[in-house]
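Quick note: residue numbers are just sequence positions, from 1. These numbers come from the heavy atoms of this one structure, side chains and all, not from hydrogens, waters or symmetry mates.
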Amino acid sequence: MVPLTTFFQHVGLGEFLFGTEWTAAFGDKFAWDDKSWGVLPLVVSTLMITLIALAVAVPLGLGVAIYLSEYASERVRKILKPLLEILAGIPTVVYGFLALTALTPILGTVFEFQGSTPTSHRAS
C-alpha cells in the first residue's frame, strides 16, 4: 500500500487515468516530474485489440462449431474435433510466442517496417 500512496502523492489521479503519454521508463529512475504517467493509451489499445480479436474469433468459432455439429460428415468430424481440442489446450502464450518469432519477421519483409531483419541489415 505504501508504494501506491507514494505514487499518487506525486502523480494526480486525473493525470494517471486520462493522460495520453506514458514515459515512466525514461530518465532518472527516482525522478517523478520529468515523466508522463498517462495510462489511457494502454487501456484504449487493449480494448481495441480485444474488440478486433472478438470480431475475428466469434464468427469463426461459431462457424466451425455449426459446421462440425450440423454439416460435417462423421469422418471429417472424427478428424477435426480432436485436432481442435488439442489446439484449444495449448496456452495462448505459446501462440503469442510463435507469432512473435515466426510471423513478425515475415510481416516485416512484406510490409518493411522498422526493426525487421531484412531492412535493418540493408545497405544504405
Side-chain angles (χ1 to χ4, degrees):
M1 192 69 174
V2 173
L4 180 67
T5 56
T6 304
F7 176 78
F8 281 115
Q9 285 174 354
H10 297 284
V11 179
L13 185 62
E15 177 189 352
F16 178 70
L17 292 177
F18 302 111
T20 58
E21 189 176 0
W22 179 271
T23 60
F26 304 130
D28 183 17
K29 182 178 179 180
F30 298 105
W32 292 93
D33 298 331
D34 62 341
K35 298 177 183 172
S36 298
W37 300 93
V39 77
L40 186 63
L42 302 172
V43 173
V44 170
S45 299
T46 301
L47 290 175
M48 284 177 31
I49 293 297
T50 302
L51 291 175
I52 292 168
L54 282 171
V56 171
V58 169
L60 185 65
L62 282 175
V64 169
I66 291 170
Y67 172 74
L68 283 176
S69 65
E70 301 294 329
Y71 300 109
S73 67
E74 192 65 33
R75 179 174 175 249
V76 171
R77 192 177 297 125
K78 282 184 178 182
I79 294 170
L80 287 182
K81 193 166 187 278
L83 181 68
L84 289 173
E85 289 172 357
I86 289 171
L87 290 175
I90 298 172
T92 55
V93 173
V94 174
Y95 291 127
F97 177 74
L98 291 175
L100 180 66
T101 58
L103 291 179
T104 302
I106 294 169
L107 292 175
T109 58
V110 171
F111 296 108
E112 294 187 10
F113 56 79
Q114 274 188 326
S116 62
T117 305
T119 55
S120 61
H121 294 294
R122 189 177 4 182
S124 297

- Item | For the student: nearest non-hydrogen atoms of Pro82 and Arg77, plus distance | CD-O, 3.9 Å
- Item | Atom of Phe16, atom of Trp37 and distance for their closest heavy-atom approach | CD1-O, 3.4 Å
Decide whether [X] and [Y] are clustered together by the hydrophobic rule: side chain heavy atoms of Ile, Leu, Val, Met, Phe, Trp, Tyr closer than 4.5 Å, transitively.
X	Y	answer
Val11	Leu4	yes
Phe97	Leu107	no
Phe111	Ile52	no

- Separation of Thr104 OG1 from Leu98 CG (nearest 0.5 Å): 11.0 Å
- Query: When rounded to the nearest 0.5 angstrom, what is the spacing between CD1 in Ile86 and NZ in Lys81?
  - Reply: 12.0 Å
- Within 6.0 Å of CZ in Phe18, more than 12 heavy atoms from elsewhere: no
- Flag, side chain of Thr109 to backbone of Ile106, donor-acceptor distance under 3.5 Å: yes
- Message: With a 3.5 Å distance limit and no angle check, can you tell me whether Tyr95 reaches the backbone of Leu87 through a side-chain donor-acceptor pair?
- Response: yes
- Any side-chain heavy atom of Val64 sitting closer than 4.5 Å to one from Leu80? no
- Mind running side chain to side chain contact (heavy atoms under 4.5 Å, CB included) on Val76 and Tyr71 for me, showing each step along the way? CA-CA 10 Å; Val76 171; Tyr71 300 109; over 6 Å; no
Show me the donor-acceptor pairs, under 3.5 Å and distance only, between side chains in residues 39-46 and residues at least two apart or in other chains.
from  : atom 1 : to    : atom 2 : distance (Å)
Ser45 : OG     : Pro41 : O      : 2.7
Thr46 : OG1    : Leu42 : O      : 2.8

